[in-house]
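The next block holds one structure in the form of structure tokens; read it before the comments.
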Protein chains: 2
Amino acid sequence: MTKYQHQKRVLVAIDCIIFGFDGADLKLLLIKRGFEPEKGKWSLMGGFVKATENFEQAASRILKQLTGLEGLYMEQLLAFGDPGRDPMERTVSIAYFSLIDILQYEKQISHEYHAEWFSLHEIPRLIFDHQDMVELAREKLRYKAAFHPILFELLPQKFTLPQLQHLYEEVYNTRFDKRNFSRKILSTELLVKQKDKEKENSKKGAYYYKLNKKKYKIHFHEILNIIPNPGNLH
Amino acid sequence: MTKYQHQKRVLVAIDCIIFGFDGADLKLLLIKRGFEPEKGKWSLMGGFVKATENFEQAASRILKQLTGLEGLYMEQLLAFGDPGRDPMERTVSIAYFSLIDILQYEKQISHEYHAEWFSLHEIPRLIFDHQDMVELAREKLRYKAAFHPILFELLPQKFTLPQLQHLYEEVYNTRFDKRNFSRKILSTELLVKQKDKEKENSKKGAYYYKLNKKKYKIHFHEILNIIPNPGNLH
DNA sequence: AATATAAGTGTTATTTTGACATTTATTAAG
DNA sequence: CTTAATAAATGTCAAAATAACACTTATATT
């Protein structure tokens with residue numbers, strides 16, 4: 001067999017949009033790019049796909065390099081391929097987005113890459129089309145979280161309803177009625193109430209909950225309806 | 001500036017999953033592949049991305065080659081990049097899916113590529129990972145159509161409510177109650193009732209409707225709720 | 001004139017939603 | 001020890017949305 005003739009070969013990279021939550025804010029993990037072009041500028045964590053890897057393997061490897069974590073939630077966002085997106089050489093980038101509980105992540109962080117968390121309200125200028133990737137990832141997160149219990153990936157194993165609600169409020173940048181919120185969340189029957197309470201944030205303390213992992217896996221793809229008036233999602 | 005060193009460059013292709021509807025069945029457009037490997041086997045319409053094109057431009061060009069049509073609904077599905085997916089040489093494929101009214105398309109068809117419509121129940125074995133692409137595209141179509149008025153892209157300008165319902169029933173492989181269906185569809189206020197009737201399929205005739213294109217564009221991204229118990233979508 | 005066919009339409013009971021306020025547990029302060 | 005302050009937890013009710021259900025209408029055919 002002969003190879004396909006007269007076709008241009010291009011570089012293929014992965015870029016990871018890594019969202020994290022620390023109990024207060026929704027954040028994005030960025031690194032200072034270590035090589036030219038745009039060396040020293042803020043960038044998504046990325047890398048080239050190796051000859052024997054598929055995209056998921058490459059994304060996992062890159063994610064592990066940066067965070068030290070494995071088995072994270074990960075999903076392909078979109079392939080970006082405008083001819084000039086990397087001025088050095090045409091490079092197609094497959095964007096993945098990932099969700100991390102920041103506090104868990106901090107124990108394992110590799111500091112080799114000067115990674116930093118940025119609140120979504122204070123994102124610096126990013127290289128290439130990474131800004132577009134982040135914006136699209138935010139939209140996709142909002143869309144997906146409106147129908148699927150994806151935001152649990154941002155929380156520790158044990159969490160409280162007020163913490164969960166706070167997270168939803170961060171993602172949708174709005175406030176929910178806590179009575180209606182807890183009714184909807186609990187009606188999914190994905191949560192298991194624990195006996196102990198979290199007492200950092202209030203005198204009374206809030207009961208911890210855990211995911212029912214089995215139900216979570218089984219029902220993950222079903223359509224929930226957690227967000228009132230989901231309205232103008234994409 | 002020097003180029004990125006020691007990285008492998010690969011081919012980048014587009015493959016188009018083209019769904020069509022002829023008033024009766026939901027169908028998929030396939031071609032007989034014209035070159036090796038797998039010459040003569042059934043395949044999605046595809047082609048390599050050219051040096052100056054972005055993905056959308058490449059997908060439009062490829063789509064026009066096959067169908068003669070422009071301005072079709074088109075959306076990136078997913079990038080496929082397993083190392084061995086094309087045995088000839090590593091090729092990344094960006095899959096796009098498109099929606100066409102078959103009867104409109106037939107006037108413009110280019111017969112150069114031996115394209116044929118296949119009912120979704122009778123799809124032949126396809127080359128490479130095209131089978132996976134088609135399956136994923138079907139899931140995405142069902143998912144998207146549950147929340148957005150996307151299926152109108154499969155219909156002619158003028159269509160009847162029974163035709164529309166039939167289309168939804170094909171996509172979801174189920175039956176809907178026509179009273180509830182028409183109430184939901186009409187409550188979107190996206191349809192404009194016409195004065196004339198379609199009289200091929202019944203003695204009484206069914207009123208034609210047209211899309212209110214302006215509202216359609218404005219409200220396209222809003223979440224509708226057309227499908228009862230959307231259940232286990234992805 | 002009678003019949004057959006598919007289109008078109010309305011009601012009701014049930015479920016889901018969104019708006020809203022009070023009670024409870026605990027710590028801190030006086 | 002009593003009081004005050006704080007955030008958590010919980011219930012009701014009216015309105016809206018949904019799902020289930022059957023009859024009438026227009027027309028072509030016989």
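Hydrogens, waters and symmetry mates are skipped; everything else that's a heavy atom, side chains included, is used. Order of the sequence lines fixes the chain letters, A, B, ..., with proteins taken first and strands second; residue numbering starts at 1 for each chain.
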[X] [atom1] to [N] [atom2]: how many Å, rounded?
X: Ile185(A); N: dA8(D); atom1: CD1; atom2: P; answer: 16 Å
X: Asn225(B); N: dA19(D); atom1: CG; atom2: C1'; answer: 13 Å
X: Glu200(A); N: dT6(D); atom1: CD; atom2: P; answer: 18 Å
X: Leu186(A); N: dA8(D); atom1: CG; atom2: P; answer: 15 Å
X: Gln194(A); N: dA9(D); atom1: CD; atom2: P; answer: 13 Å
X: Tyr208(A); N: dA8(D); atom1: OH; atom2: P; answer: 13 Å
X: Phe181(A); N: dG11(D); atom1: CZ; atom2: P; answer: 18 Å

Check your understanding: Just checking, is any N or O donor in the side chain of Glu169(A) or His166(A) under 3.5 Å from an acceptor N or O on the other one?
Key -> no

Looking at residues at least two apart in the chain, or sitting in another chain, which of them share a ring pair (Phe, Tyr, Trp, His ring centres under 6.0 Å) with [X]?
X: Phe21(A); result: none
X: Phe220(A); result: His148(A), Tyr216(A)
X: Tyr208(A); result: none

For a quick test of your reading: what N or O donor-acceptor pairs under 3.5 Å do the side chains of residues 60-75 of chain B make, sequence neighbours left out?
{"residue": "Ser60(B)", "atom": "OG", "partner": "Glu56(B)", "partner atom": "O", "Å": "2.9"}
{"residue": "Arg61(B)", "atom": "NE", "partner": "Glu53(B)", "partner atom": "OE2", "Å": "2.5"}
{"residue": "Arg61(B)", "atom": "NH2", "partner": "Phe48(B)", "partner atom": "O", "Å": "2.9"}
{"residue": "Arg61(B)", "atom": "NH2", "partner": "Glu53(B)", "partner atom": "OE1", "Å": "3.0"}
{"residue": "Arg61(B)", "atom": "NH2", "partner": "Glu53(B)", "partner atom": "OE2", "Å": "3.4"}
{"residue": "Lys64(B)", "atom": "NZ", "partner": "Glu70(B)", "partner atom": "OE2", "Å": "3.1"}
{"residue": "Gln65(B)", "atom": "OE1", "partner": "Tyr113(B)", "partner atom": "OH", "Å": "3.4"}
{"residue": "Thr67(B)", "atom": "OG1", "partner": "Leu63(B)", "partner atom": "O", "Å": "2.8"}
{"residue": "Thr67(B)", "atom": "OG1", "partner": "Leu69(B)", "partner atom": "N", "Å": "3.0"}
{"residue": "Tyr73(B)", "atom": "OH", "partner": "Glu75(B)", "partner atom": "OE1", "Å": "2.5"}
{"residue": "Glu75(B)", "atom": "OE1", "partner": "Lys144(B)", "partner atom": "NZ", "Å": "3.3"}
{"residue": "Glu75(B)", "atom": "OE2", "partner": "Lys140(B)", "partner atom": "NZ", "Å": "3.4"}
{"residue": "Glu75(B)", "atom": "OE2", "partner": "Lys144(B)", "partner atom": "NZ", "Å": "3.2"}

How would you list, by chain and number, every residue that makes a side-chain contact (heavy atoms from CB on, under 4.5 Å) with [X], sequence neighbours excluded?
X: Ala79(A); answer: Ile94(A), Phe55(B), Gln76(B), Ala79(B), Ile94(B)
X: Ser202(A); answer: Lys204(A)
X: Ala145(B); answer: Ile150(B), Leu151(B), Tyr172(B)

Check your understanding: Got a sec? Which of residues 159-169 of chain A come in under 4.0 Å of DNA chain C, heavy atoms?
Key -> none

Review point. Once each nucleotide of nucleotides 22-30 of chain D is scored for protein heavy atoms under 4.0 Å, what B/S/- sequence comes out, 5' to 3'?
Key: B--BBBB--

Point to revise | Whether Lys184(B) side chain and Asn225(B) backbone form a donor-acceptor pair below 3.5 Å | key: yes

Check your understanding: Okay, side chain of Asp129(B), backbone of Asp132(B): is any donor-acceptor separation there less than 3.5 Å?
Key ->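 No, because the side chain of Asp129(B) does not come within donor-acceptor range (under 3.5 Å) of the backbone of Asp132(B).
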
Check your understanding: Mind checking whether Ile218(A) and Lys215(A) have side chains closer than 4.5 Å, heavy atoms only?
Key -> no

Check your understanding: Does the side chain of Arg138(A) come within less than 4.5 Å of Phe19(A)'s, by heavy atoms?
Key ->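 A side-chain contact under 4.5 Å exists here.
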
Check your understanding: Given that Asn180(B) and Asn180(A) both sit by DNA chain C, which one's nearest nucleotide is further toward the 5' end?
Key -> Asn180(B)

Review point. Counting any heavy atom closer than 4.0 Å, what does Asn201(B) reach on the DNA or RNA strands: base, sugar-phosphate only, or nothing?
Key: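 The answer is sugar-phosphate, as Asn201(B) gets under 4.0 Å only of primed atoms, P, OP1 or OP2.
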
Exercise for review: Check whether more than 12 heavy atoms from other residues, nucleotides or ligands sit under 6.0 Å from atom CD of Gln157(B), and answer yes or no.
Suggested key: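 No, CD of Gln157(B) has 12 or fewer neighbouring heavy atoms, counting only those of other groups under 6.0 Å.
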
Check your understanding: Is Arg183(B) side chain donor-acceptor paired with the dA19(D) base, going by distance under 3.5 Å alone?
Key -> yes

Practice item. With sequence neighbours excluded, tell me which residues meet side chain to side chain donor-acceptor pair (under 3.5 Å) with Gln194(B). Key: none

Study note, to complete from the structure: chain B vs DNA chain C, heavy-atom contacts under 4.0 Å, first-to-last nucleotide span, 5' to 3', is dA4(C) to dG10(C)

**Study point:** Five-pair end axes of the helix from dA1(C)-dT30(D) to dG30(C)-dC1(D) and the angle they enclose, rounded to 10°
**Key:** 10°

